[in-house]
Structure formats: C-alpha cells, structure tokens
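Data first, discussion second: the structure below is written as structure tokens.
To find a chain, count down the sequence lines: A is the first, B the second, and so on, and within it residues start at 1.
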There are 2 protein chains.
Amino acid sequence: MTNIREIARLAGVSTATVSRVINDHPYVNAEKRRKVLEIIRQLDYVPNSSATSLKKGMTRIVGVVSASYTTSSTPFIQAFNIIAQQHGFNVMLFLTDNDCEKERIALEMLRSKQLDALVCLHRANEWPIIESYAKYGPIVTWQRLVSEHIPSVFMDQYQGYMLSLEHLYARGYRRILNVYSSRGLNTPQRIRAYDDFAKKYTLDDIGFPDLHHMMSIADGEHIARWWIEQSQKPEAIACSNDDVAAGLLTEFKRVGVSIPGDVAIIGFDNNDLARLLDLTTVHYPSDKQAENAFAILLDRLGQKAPPLHALEFELIERRST
Amino acid sequence: MTNIREIARLAGVSTATVSRVINDHPYVNAEKRRKVLEIIRQLDYVPNSSATSLKKGMTRIVGVVSASYTTSSTPFIQAFNIIAQQHGFNVMLFLTDNDCEKERIALEMLRSKQLDALVCLHRANEWPIIESYAKYGPIVTWQRLVSEHIPSVFMDQYQGYMLSLEHLYARGYRRILNVYSSRGLNTPQRIRAYDDFAKKYTLDDIGFPDLHHMMSIADGEHIARWWIEQSQKPEAIACSNDDVAAGLLTEFKRVGVSIPGDVAIIGFDNNDLARLLDLTTVHYPSDKQAENAFAILLDRLGQKAPPLHALEFELIERRST
DNA sequence: TTGTACGCGTTATCAG
DNA sequence: CTGATAACGCGTACAA
C-alpha cells in the first residue's frame, strides 16, 4: 500500500511537504515540489479518501432519498446530481420504495457522518422522526412542510391547479371532474383551489365523486372505464398528474372516445409522457427546485451558496383540451 | 464530538471493550456490555464511518456509472440498488451525460478507495482507459465487451433481434425496414441477425436504407414522416428500442396512418412506454442482469456471492404487429 | 520554507 | 474475559 509516508521517504522530504504539494499550498520549494510530483506519478499515488474524510470531518457526499424513479422525481434527481457535481459533491441515491427501514439507512448514514447532508423527495417515516435527524446534518425536503429544522423547496400547488382550472373554464368547460392524488400535503391545496374556483364562477355542485389516491397510468385507465358507464358525464377531467392523464387518454382512444371532442383531459407535471401524447398540462421547474435544494444545503454546511431561483407554474397548452 | 474513547471513559472500560460491544464480539462480561450499551444510548453515540472505512479498507459503497436515466437503464439501476442494499452495500450513482471527465470522477473515486467497486452501464472513455482502472477494484459492465479485466453482463442481441424478425415473418411481413441504434456494440449483432434472416427466407434486398443512430422518440417521429413520403413503403419497421417505436407509432396516429393495418411496428426493451402504447416488443431481464452484475462484483471482492441467473429474451406480442 | 509530532476515531493484536 | 497500544493514512499546529 503506497501512502503519503512512502512518497515522503522516496522524495526525501517530510509527509508535511508532500501534503502541502498535494493540496496546493504555497511556500513549497519549486524543486521539491517537482520531485514530489514526480514520485507521486511514478508510484501512481492517490490520497486515501477515507483518511481525508476522517481528518476533514466531511465526505462531500450528499444523500438523495426517493421512493422510486417516477416521471416526476427523475428530473429533480437528475438536476440535483448535476448541480452537486458542479460544486464537487457526489450524490448517493436511496430508493426506499416507501419502506421506513430503507429510509432509515440513509438517515443513519447522515448520523454516522458518511453523508454530509440529505434531500428527501418522498418520506416514509413520520416527520418528527426525520426531524430528529436534522441535528446530525442539514436535511431539505421537496414536499410541503413547515418546519424550522427542515427547509422545503415545495411549490404551493394551489396556484398550479388554479391555472389548470382557469384554462378549462376559458375553454368553455363547466362540468369538471377532479382526480386527486394522495402524496404529501398537496391534495388539500388543490381541493381549496377547486372550491375557490367553483365559488368564483358560481358553479353548481354537480355531484361528481372526488376521486382520491389516483397516481398511476392504471388508475387513469380505471377512471376512463368509470366515465363510460356514467349517464351524467363530466366534460373535462383535471388530473393529479400526467401519468393518470396518460392512462385516461390511451384507454379512451382504445375504445374510440374522442379527445377533446367527447371529453377534455388536463394533466400535471409536464413529463415526457405528456409531451409524447400531446397532453395539456401544468409545468413546474423541478430542476430549479433541485438547485434551490442544493443551495440551501450548501448554505447550511457553511459554504458559499448560489442565490435561490424564483419558482413559477406554467400552463402548457396542447391538444387534449 | 462523542467518540469511542468518551464512551470507554464514562463506562469505566477500555476502548477495546467498547469496540467489542459495538461489533458484537463474544467474550464480553454481560454487566460491562450492559453498561456500555447504556452509555452509548445516553450519549446517542454512533461510530464514525470514515474511521471505520479507513481501518477496514472498505467503504461498502458501489458506484454505478450511467449516461443518464433512460427507460432502459432505469430498471437496471433500480434492480441493482435493491440487490446491493440487501447485501449491505450502498450505491452511488454517476450520471455522466457521456462526458469523459464526469466518468473519470467515478473512476478516480474507485482509485482513491471511496468506492469498493464499479458497474458501468454506458461508458464515455475508451475501453483501455477504463480497463486501466480495474487494478483498483472490480469493474463490471452492461455493454458487450470481451475483456479479462472487465466482466460483462450483456446479452447477445443477435438472438433478441432474430426473435423480433421471426415474429414479423410469421405474421406475414416481408418488406422490413431496420432501424438501428449506435450504442455499444449491439448494432453489428443485429445487422448479422437480419442478414442471416434474409438469407434463411431468401428475401430480396429491397433497397431500404439502413437507418442508424436512432434512439429517441423524436427519431421515431422523423422516421414516420420519412415513411409517408416513400412510394415503396416498408410493411413493417423493426426498431432499435421502444422509444423509437413509440415516436413512430404516435406520429403515425397523429396523421391517421393505421397500425398495424398500414404498417407494423416492433420495438425492443419492453419498457413502460411499450406497455402503455400496446407495442409488440422484445423483453430482456435487465433486473437479472443487474443482479448478475452485483454477484460478479461481490465475488471479486472476495465475498460469498449468489449464483448467476440464466438470461433469455422473450417476445411480447401486443397490438402493433 | 521545512520537519516533527500529534490527532482524527476506529479496530485488532497481544499479553495478561 | 480485558486493557494497552499499535496501526490505518492524512492534515496541520508549532517550532525551527
């Protein structure tokens, strides 16, 4: 095993000098520096990073906790990876599958100092448990959360959903079916948005059921079949996300229901599927959220952080409304 | 900072005893063990993992190098994550975007012992460069490669593509357009498969161009527009992957070309998109490939590894042929 | 500008 | 069964 002492011995200097050369300190004789670099090259030496981490008390690794790869989480993770790399941090990804124990692994690695910080896209454990880990290192979340220990980069979906509803109204749709998700605390915001929307335009309560816990393509397909059986049909369906909207759209097309002729569909997220299927949807800048998350972590680690982005929703009008 | 010495002092024992308790060694007096555990609990102590890694010469972190998240790489990465976690290893993901420098980061972390091993889905650097890192730790790849230093878990796409072509033939299609990708070394296998196929059934060379470097949805859309302009149209299109097939299918549907009435489409990979769009395609077990990759790494790390899976292609017949 | 010596926190050997 | 103590490899006061 070739270590710093070996290099020092061969170069005829002390380990301190070798260390200084490695870390680009000034005040090293040019000739000695050359000699040291020469030996390092000859022996193909690299500092052992466990030793460096131990000494510095930092690993420059940030953990990312996510339930799985979804069409909405992937862009966030990707953007986070890139910004972290630019700042010399590496990313360790934890797929928890919503399993508390797997999430604990990441939390425990923060505690044992294998991770400098953590960003939590979807949590499995209760917030108080996660908060109790904040004392071991900065944690930031993507979900809606108000906490003094855990900052969040969430966006209030009230605005985004309202954008979606206003679009439907402008297009002439009045009998709207809401399809809600269940993740995090977004659903209440959306319900509030619809209530305000219905009040603003004095829409009667038509008695459509509120559909909850809908988040997959398969869920969308089910709703399409449900729609077909109804006598009183909604004119438009506002979906919790693009996957549900995609399932809806493709199932409708299978059985010959025309979109948007017979019924309009609007999604949420603006993921790849929405682009592919020409779905009208609501876009939000998850890449900027990721960069904000990283900036916050960097700041809490006591390093100079880039400024935060402002975050805004945007309606993407395509051919399903 | 609470460390092992602190615990030892407070429990009135030596650091050696504390270490023994932590690592579940036998031969520790029950009473002392109890006392030590009590202090550990009180002080909320955890061993510093950098110190442990330094001492043990192992981090139990495995790097995964991938160009980006694609519909084909994601299932592999996910499966690899799961199997690694089951064996007490953590995974660090490197998104290289096909940038040699970014790939180097991962390679260098193997060299500096921050990583115990590496699996390389898509490489950016030339193979000789990657091979030169094999001396620092086990590396295994997903791509086709014959090397004594870097084992591979690739599957010979000759068989998979032949399965695809035989299916088209059985369905009565004769005028087949091949759409090739460019990743790795799979394309030559596919070309060989088509040559053998054409020879077996004595198909004339119809003079369709060989399309290369096609791998995205947008590529598929382009090909669809190309198809429409031709006077001599192919009856079936065999695609390099499901994304191309999906672009083809959706663009055809937009302009009213009937699938499979006017032209048949077959994909490759069996990803989520293929399921959604009812694409006939070829499935291969990337999850088993991932588990094999991990097993090989484990074996090379001198640990007991699970047996390797046999790998087989499978034709998934849906509604696009 | 350089070297000595110590500390980072842990594990393992070895003598008792 | 237990405790000193020597590594592991690096960075850095401090003294020179």
Value in whole Å for how far the C1' atom of C:dG9 lies from CD1 of B:Ile7: 12 Å
Strand-adjacent residues in residues 28-39 of chain A, judged by heavy atoms under 4.0 Å from DNA chain C: A:Val28, A:Asn29, A:Lys32
From B:Met58 atom CE to A:Ser50 atom OG, the distance as rounded to the nearest 0.5 Å: 11.5 Å
Exam field: side chain B:Asn241 to backbone B:Met215, donor-acceptor pair closer than 3.5 Å: yes
CZ-CG distance between B:Arg34 and B:Asn29, expressed to the nearest 0.5 angstrom: 10.5 Å
OP1 or OP2 of D:dG9 under 4.0 Å from side-chain N/O of A:Asn48: no
Separation of B:Ile82 CD1 from B:Ile77 CD1 (nearest 0.5 Å): 12.0 Å
Value rounded to 0.5 Å, distance of CG in A:Leu107 from CD1 in A:Ile139: 5.5 Å
Separation of atom CZ in B:Arg60 from atom P in C:dT11, rounded to whole Å: 14 Å
Inter-axis angle, terminal five-pair segments of the helix from C:dT1-D:dA16 to C:dG16-D:dC1 [nearest 10°]: 40°
First encountered from the 5' end of DNA chain D, between B:Tyr27 and B:Leu54: B:Tyr27
B:Ser14 side-chain proximity, nearest of D:dC1, D:dG9, D:dA4: D:dA4
Minimum heavy-atom distance between B:Arg60 and B:Gln303, given as atom pair plus value: NH1-NE2, 3.9 Å
Interatomic spacing from OG1 in B:Thr15 to CD in B:Glu6 - rounded to 0.5 Å: 13.0 Å
Protein-nucleotide distance (A:Arg9, atom CZ; C:dT2, atom P), rounded to Å: 20 Å
Sugar-phosphate, base or nothing in reach of B:Val13, heavy atoms under 4.0 Å: sugar-phosphate
Approximate separation, where rounding is to 0.5 Å, of B:Gln42 CD and B:Leu10 CG: 8.0 Å
For nucleotides 11-14 of chain D, print each protein N/O atom paired with a nucleotide N/O atom at under 3.5 Å, atom names and distance only.
unit_1, atom_1, unit_2, atom_2, d
D:dG11, OP2, A:Ser19, OG, 3.3

Aromatic plane relationship, A:Phe294 with A:Phe89 - under 30° parallel, 30 to 60° tilted, over 60° perpendicular: perpendicular
Nearest-Å distance for atom pair CD/C1', residues B:Glu6 and C:dG9: 13 Å
Nearest-Å distance for atom pair CD1/P, residues A:Ile40 and D:dC10: 10 Å
Ion pair A:Glu38/A:Lys35, N-O distance below 4.0 Å: no
Matching residue for A:Leu118 among A:Val62, A:Ile150, A:Val65, A:Val64 - test: side-chain contact (heavy atoms from CB on, under 4.5 Å): A:Val65
